[in-house]
Amino acid sequence: MSHPLLRNTSSSYGWISIAFHWLMALAVFGLFGLGLYMVELTYYDAWYRGSLDLHKSAGVILACAWLLRLLWKLTNPRPQALGNHRWEHNVAHLAHALLYLLMLALFVTGYLISTADGRAIEVFGLFELPATLTLANQEDIAGVIHWALAWTLMAIVALHALAAIKHHWLDRDKTLIRMIKPGA
Amino acid sequence: MKKLMLAAGLSAALLMPSLSQAATYQIDTQGAHAFVQFKIQHLGYSWLLGRFNTFDGQFEYDAKAPEKSSIEVTIETASLDSNHAERDKHLKGSDFLDVSKFPQSTFKSTGFKSTGAGEGILSGDFTLRGVTKAISFPVKMIGEGKDPWGGYRAGFEGKTTLKLSDYGIDYNLGPASTTVEIGLFIEGIRQ
């Protein structure tokens, strides 16, 4: 390949994958915190409306990034898992798949809350994401699921982070380092 | 279905009460000729309107003996609709109606005082969010008579203002929005 530092190889991640990983991690943490915070705001807080607008807009952008990342992942080599335990690899792959699926389910349920009355989602005032499904009590049902999914995602994220720390300090392999620097 | 309707028609004809008795009317929610609406100030600058889409009830009424009138209405609180999903979700949540804990709101009349032809003060027990309070408010008949499809109908309207904090709702919506006006617009089909 002409850009070995951009694309993945069979042993390392390229800059694109690394950027997707950390920027999306930042967005996921941000959206989780913002979500917990905004529902506690009261009517007379200055950010009562702005916080929700930001959460929806950032969520849609993250969903776009999710799709691009998946396409990038599928068209790039997958760096080989490190470590000698097969069960560890299986659990890691399952966790990765869950992270993707939970994010997707969060996008869908979040979208269903805000569009339950047929209103579109305005994304940073740039474009609108139109409503599709508008079922009875859709906002309530989607809301409960969205909340549960968010906490489940954070639990898997915590497991994922603990595993990275374990690889770095206990196994002393390059699992964490290669997600920071290409060709490591 | 046809058989069922025929049977219902027959039994209604057989059981037809004599004219001097108060008649029972089923509120026409089937044909949606009845509305439970609410109206609350927004910031003190305008009105926010909404309604409950699902409710049920019946009333007794006889123009010759209005004091015998009574009514019972049950409202499904989760059917709240203010034409904005995010707001509806908030209003149905624990900050406001807490509909998963308190799925129904009811009104059961305890008395009616006639104040003129087709007018009166209705008293009763109103339950909202698990709190029951005795309230009374004026009601007015809009009209009654035969409908074009072989039935007999009567319609009323009434409205009352509730203090949100009386029913455990203390979320700060601003000083202009501590009370909500509930409007009942009903048409009943005589049974």
Side-chain angles (χ1 to χ4, degrees), chain A residues 31 34-60 106-123 128-151, chain B residues 29-30 32 36 38-56 75-105 129 164-165 168-180:
Chain A
L31 282 171
L34 181 58
L36 288 185
Y37 170 72
M38 70 182 190
V39 297
E40 297 305 323
L41 289 178
T42 61
Y43 209 59
Y44 276 74
D45 285 307
W47 221 35
Y48 179 83
R49 293 163 61 87
S51 59
L52 180 59
D53 287 341
L54 177 63
H55 188 87
K56 293 193 288 182
S57 295
V60 173
L106 275 157
F107 302 144
V108 172
T109 50
Y111 165 82
L112 289 176
I113 299 172
S114 292
T115 57
D117 52 15
R119 273 185 183 72
I121 295 177
E122 202 179 295
V123 184
E128 285 192 341
L129 191 63
T132 46
L133 274 186
T134 51
L135 306 171
N137 293 327
Q138 178 175 309
E139 65 275 18
D140 303 315
I141 299 161
V144 170
I145 300 172
H146 192 70
W147 185 87
L149 286 170
W151 280 100
Chain B
T29 47
Q30 196 80 41
V36 179
F38 61 87
K39 185 174 155 191
I40 186 166
Q41 287 258 325
H42 182 231
L43 304 171
Y45 307 148
S46 67
W47 290 105
L48 180 141
L49 277 77
R51 64 183 191 199
F52 291 94
N53 288 331
T54 311
F55 55 96
D56 203 352
I75 300 164
E76 303 297 329
T77 52
S79 70
L80 178 144
D81 180 359
S82 72
N83 193 25
H84 186 6
E86 286 159 359
R87 176 169 58 215
D88 292 351
K89 179 174 180 295
H90 194 190
L91 293 178
K92 288 184 265 181
S94 56
D95 279 338
F96 294 96
L97 295 182
D98 206 355
V99 303
S100 55
K101 234 189 201 157
F102 307 106
Q104 291 187 332
S105 172
R129 215 177 184 269
L164 292 176
S165 61
I169 299 167
D170 47 21
Y171 191 91
N172 181 22
L173 289 170
S177 311
T178 56
T179 60
V180 62

statement: side chain to side chain contact (heavy atoms under 4.5 Å, CB included) with B:Glu76: of B:Asp56, B:Thr54, B:Asn53, only one passes, and it is B:Thr54

field: Residue pair A:Leu31 / A:His55, side-chain heavy-atom distance below 4.5 Å
entry: yes

- prompt: How would you list, by chain and number, every residue that makes a side chain to side chain donor-acceptor pair (under 3.5 Å) with A:Asp53, sequence neighbours excluded?
  reply: none

message: Check the orientation of B:Phe52 and B:Phe38. Use parallel for under 30°, tilted for 30 to 60°, and perpendicular for over 60°.
response: tilted

field: B:Leu80, part contacting chain A, at a heavy-atom distance under 4.5 Å
entry: neither

query: Listed by residue number, which members of residues 89-101 of chain B have a heavy atom under 4.5 Å from any heavy atom of chain A?
result: B:Lys89, B:His90, B:Lys92

query: If only atom types and distance count, is the side chain of A:Tyr111 paired as donor or acceptor with the main-chain N or O of A:Thr132 below 3.5 Å?
result: yes

query: B:Ser82 and B:Asp88: side-chain donor and acceptor closer than 3.5 Å?
result: yes

